[in-house]
Novice: 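Please find one structure pasted underneath; my questions will follow.
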Number of protein chains: 2
Amino acid sequence: MKKISLKTIANELGVSSATVSLVLNGKDKNGRVSKDLSEKILAKAADLNYVPNTLAKSLKVGKSKTIGLIIADISNLFFGALALHIQTFAQQKGYTVLIGNTNEKLSEMEHMVNFLLARQVDGFIITPTEKSDNLLKRLNNSNIPLVLVDRTFPELNINSVLINNYEISYKSTELLINKGCKNIGIVTYKQDHFHVNERRRGAVDALKNAGIFNPDNVEEVRYEYLREDISAAIYKMINRNPKVDGIFFTTNSISINGVKALIKNDIFVQKDIQIMCFDENDAFYILPYAVPFIKQPIKEMARTAIDLLIAQIEGDNKTETVILEAELVEKEKVVNQ
Amino acid sequence: MKKISLKTIANELGVSSATVSLVLNGKDKNGRVSKDLSEKILAKAADLNYVPNTLAKSLKVGKSKTIGLIIADISNLFFGALALHIQTFAQQKGYTVLIGNTNEKLSEMEHMVNFLLARQVDGFIITPTEKSDNLLKRLNNSNIPLVLVDRTFPELNINSVLINNYEISYKSTELLINKGCKNIGIVTYKQDHFHVNERRRGAVDALKNAGIFNPDNVEEVRYEYLREDISAAIYKMINRNPKVDGIFFTTNSISINGVKALIKNDIFVQKDIQIMCFDENDAFYILPYAVPFIKQPIKEMARTAIDLLIAQIEGDNKTETVILEAELVEKEKVVNQ
DNA sequence: CTGAAAGCGCTTACAG
DNA sequence: CTGAAAGCGCTTACAG
């Protein structure tokens, strides 16, 4: 079948393509086009099954109504949910989302940025990788609308959507303390992300203030060797003297793998060891006991990021950092809710 | 910052934009452009930080190097993984993927098809919703490259990538029978999808051949009320006389919710009741006993779909249905692997 | 009330 | 070895 363009319709009706464009876009203000012609155009378009060419339109108007979403690890459920919500909200506002995955690698982030720029995205939402501050600075200087989410570089002054990492981690650790844990471990990443370090700082401060902080109980695991390192960390913790009776996990990937490692070692979670996880996981709902976790307001984060970005695209140019509050969820027996 | 186009480079160098285009695209065959000039162009492009406008190129050449992926339910882990792999393979072949979600609704599928057509996708990969056969027929007749995956309409003669639903379901049900189950239930969707019905048919045939099929043990649940219906179905099964001692779940969403419902009712899975699930789930790996499941070759499905689609885009026009083999996974104690 | 024309940024025959 | 020109399908001032 041959492509139907505005011109096809215009020719068949003996009018100009300008008129057809106006009518089809509803830009026929102040009765520019007669009602009669207008209806004929609409009918013909429907009849020919006309589909507008968005590419041509974008090229002409210089806006693609597309936003680039760069995610650090799309296989992570947290990011998956974030991407899904961002996509939904974007669509509601008339924007299409192009998703790129970086696998936490700076080189891939650079590649995705260029790729998406070539596709003429109107703006970016990014969960930046480590050491991407220079790339972000460049991007920001080029004045393309940009919002960071989940993570940020505080010194960079770029729009960001974060949670209250320090406060919620402090509070969650206090909960473990209040449950009677005297020897609380922290498992975190060996890395340089601001948000993760804030979580660690929150937990450490809570322990210090309770007078039970022990630096030996902080284990750092590597992103690339998560499973192996977690196993080792858990093994160390449960075999130390004195044994650890509580663990704070600083991210969701660490949490789920940490719980698996505990179960594998026949530790009765929430009895032998109290734990505190980051982010909800379907797996928790299948366990016969409650797994308390820090619930991030993913949907709100997505909505805020989109709102911020679209405001920028539409000409707003103040920079903002929005801090949303995470919630501490502690259910009786999770599977029952 | 002003946009840098081919013309900017051409003007600064005093050459034509045609020459710049040729050089930048590496189409400078047979020494058309002098090495000297060629190098100058490359240098200038790098210097100005030139980013090509893919939109303009696509408009000109009539190919967008974009494919539309329409997923029935992106929050489902199976589809999430499928989408991820499709995206990866597409990228390797130089294609961008635009993802649309239909939430199993025909109206949303229609909307996404039009939306993606307007974006000039070169082809579609679709997990079709129920009753979308007419829409697919129209699409297929318009000669746009099209591949269905996971699901199909056998009467439609459209490229499809499926698994051996009947055979693997038959075989998996046999496993339950061999474990000694005498009273096996089937929980499936109340719907009209070919692939799900094939799974059901496979299970039923296995039971019939063993002489233990009982139509009362087949429960149908609704997609929109999955939790409620599953709870009811499980309740019925475990309170019947004689009680069910094995259950075959026909999809992954049914499986995970079914397992949750069993645990909630304090059924000791794999002891009181043997189960068989569709698709892997992270949650299974946290349970202290093995949950056998049918593992679909998701990555292979993605690869095959992309290969089939790109072959079509590049001019191939034979129609093919590829059946990939699913695998029965039955581990000792899953959490240990 | 409607049309002719320019131009978005490319590529690709064609001419020299 | 290189340039001028046309055209992809739109939109938008401008002219009438």
Side-chain angles (χ1 to χ4, degrees), chain A residues 1-42 44-45 48-66 114 117-122, chain B residues 1-42 44-45 48-66 114 117-122:
Chain A
M1 108 188 154
K2 52 218 160 262
K3 281 273 176 191
I4 309 296
S5 72
L6 279 187
K7 223 199 298 189
T8 320
I9 299 177
N11 287 345
E12 294 217 4
L13 253 32
V15 299
S16 81
S17 55
T19 305
V20 178
S21 169
L22 254 8
V23 171
L24 259 30
N25 286 303
K27 290 204 176 158
D28 171 29
K29 309 279 184 203
N30 49 319
R32 214 195 106 124
V33 182
S34 70
K35 197 154 175 253
D36 187 43
L37 178 56
S38 173
E39 275 168 7
K40 260 198 261 180
I41 290 173
L42 260 6
K44 180 58 87 180
L48 293 177
N49 236 314
Y50 170 68
V51 178
N53 185 326
T54 312
L55 264 35
K57 173 170 182 169
S58 297
L59 179 60
K60 175 62 189 166
V61 304
K63 293 265 168 222
S64 66
K65 286 279 185 179
T66 300
N114 283 324
L117 280 175
R119 294 253 164 190
Q120 308 302 113
V121 294
D122 293 335
Chain B
M1 106 185 156
K2 53 220 159 262
K3 281 274 175 190
I4 309 296
S5 72
L6 279 188
K7 222 197 303 187
T8 319
I9 299 177
N11 287 344
E12 294 217 5
L13 254 32
V15 298
S16 82
S17 55
T19 305
V20 179
S21 169
L22 254 9
V23 172
L24 259 30
N25 286 303
K27 291 206 176 155
D28 170 28
K29 310 278 182 202
N30 48 319
R32 212 196 109 120
V33 182
S34 69
K35 194 150 179 256
D36 187 43
L37 178 55
S38 173
E39 275 168 6
K40 260 199 258 177
I41 290 174
L42 259 7
K44 180 58 89 177
L48 293 177
N49 235 314
Y50 170 68
V51 178
N53 185 327
T54 313
L55 264 34
K57 172 168 183 170
S58 297
L59 179 61
K60 176 62 189 165
V61 304
K63 293 265 167 224
S64 66
K65 285 280 187 177
T66 300
N114 284 323
L117 281 175
R119 294 254 165 189
Q120 309 301 115
V121 294
D122 293 335

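Naming: A, B, ... by sequence-line order, numbering from 1 per chain.
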Novice: What is the distance from NZ of A:K65 to P of C:dC8, rounded to the nearest Å?
Specialist: 22 Å
Novice: Going from CG on B:L42 to CD1 on B:I9, what distance comes out if it is rounded to the nearest 0.5 angstrom?
Specialist: 9.5 Å
Novice: Which part of the nucleic acid, if any, lies within reach of A:K57 when heavy atoms closer than 4.0 Å are counted: base, sugar-phosphate only, or nothing?
Specialist: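 The answer is sugar-phosphate, as A:K57 gets under 4.0 Å only of primed atoms, P, OP1 or OP2.
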Novice: How far apart are the closest heavy atoms of B:L6 and B:S17, and which atoms are they?
Specialist: CD1-O, 4.1 Å
Novice: Below 4.0 angstrom from OP1 or OP2 of D:dG3, is there any side-chain N or O of B:S16?
Specialist: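 Yes, because at least one side-chain N or O of B:S16 sits under 4.0 Å from OP1 or OP2 of D:dG3.
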Novice: At under 4.0 Å, does any side-chain N or O of B:S17 touch on OP1 or OP2 of C:dG9?
Specialist: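 Checking B:S17 against C:dG9: no side-chain N or O falls below 4.0 Å of OP1 or OP2.
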Novice: Look at the side chain of A:T54 and the backbone N and O of B:A118, then say whether any donor-acceptor pair between them is shorter than 3.5 Å.
Specialist: yes
Novice: Does C:dT2 have a Watson-Crick or wobble partner in any strand here, with both distances under 3.5 angstrom, and which is it?
Specialist: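 The answer is D:dA15, by the H-bond criterion.
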Novice: Of all the nucleotides listed (C:dT12, C:dA5, C:dC8), which has the minimum atom distance to the side chain of A:A18?
Specialist: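 Closest nucleotide among those given: C:dA5.
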Novice: How long is the line joining CG of B:L59 and C1' of C:dG7, in whole Å?
Specialist: 12 Å
Novice: Side chain of B:L6 only, heavy atoms from C-beta on: which candidate in D:dT2, C:dT11, D:dT12 is closest?
Specialist: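 Selected nucleotide (nearest to the side chain): C:dT11.
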Novice: Whether B:Y50 contacts C:dC10 is assessed here as follows: a side-chain N or O lying under 4.0 Å from the phosphate OP1 or OP2. Is that the case?
Specialist: yes
Novice: Under 4.0 Å from OP1 or OP2 of D:dT11: is there any side-chain N or O of A:S21 that close?
Specialist: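 For D:dT11, OP1 or OP2 has a side-chain N or O of A:S21 closer than 4.0 Å.
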Novice: A:K3 has an atom NZ; how far is it from atom P of D:dG7, in whole Å?
Specialist: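 Spelled out: NZ on A:K3 to P on D:dG7 is 20 Å.
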Novice: Without decimals, in angstroms, what is the distance between A:L24 CG and D:dC10 P?
Specialist: 9 Å
Novice: I need the A:I4 CD1 to A:N49 CG distance, nearest 0.5 Å.
Specialist: 8.0 Å
Novice: Hey, is the side chain of B:N53 poking within less than 4.0 Å of OP1 or OP2 on C:dC8, counting only N and O atoms?
Specialist: no
Novice: Could you say whether B:L37 or B:A56 is positioned toward the 5' end of DNA chain D, judged by the nucleotide with the nearest heavy atom to each?
Specialist: B:L37
Novice: So, does A:T19 get its side chain near the phosphate of C:dT2, meaning an N or O under 4.0 Å from OP1 or OP2?
Specialist: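 Checking C:dT2 against A:T19, no side-chain N or O comes under 4.0 Å of OP1 or OP2.
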Novice: Between A:K60 and B:K60, which is nearer to the 5' end of DNA chain D once each is assigned its nearest nucleotide?
Specialist: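 Checking each residue's closest nucleotide, the 5'-ward one belongs to B:K60.
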Novice: Give me the atom names and distance for the closest heavy-atom approach of A:T8 to A:K3.
Specialist: OG1-O, 4.0 Å
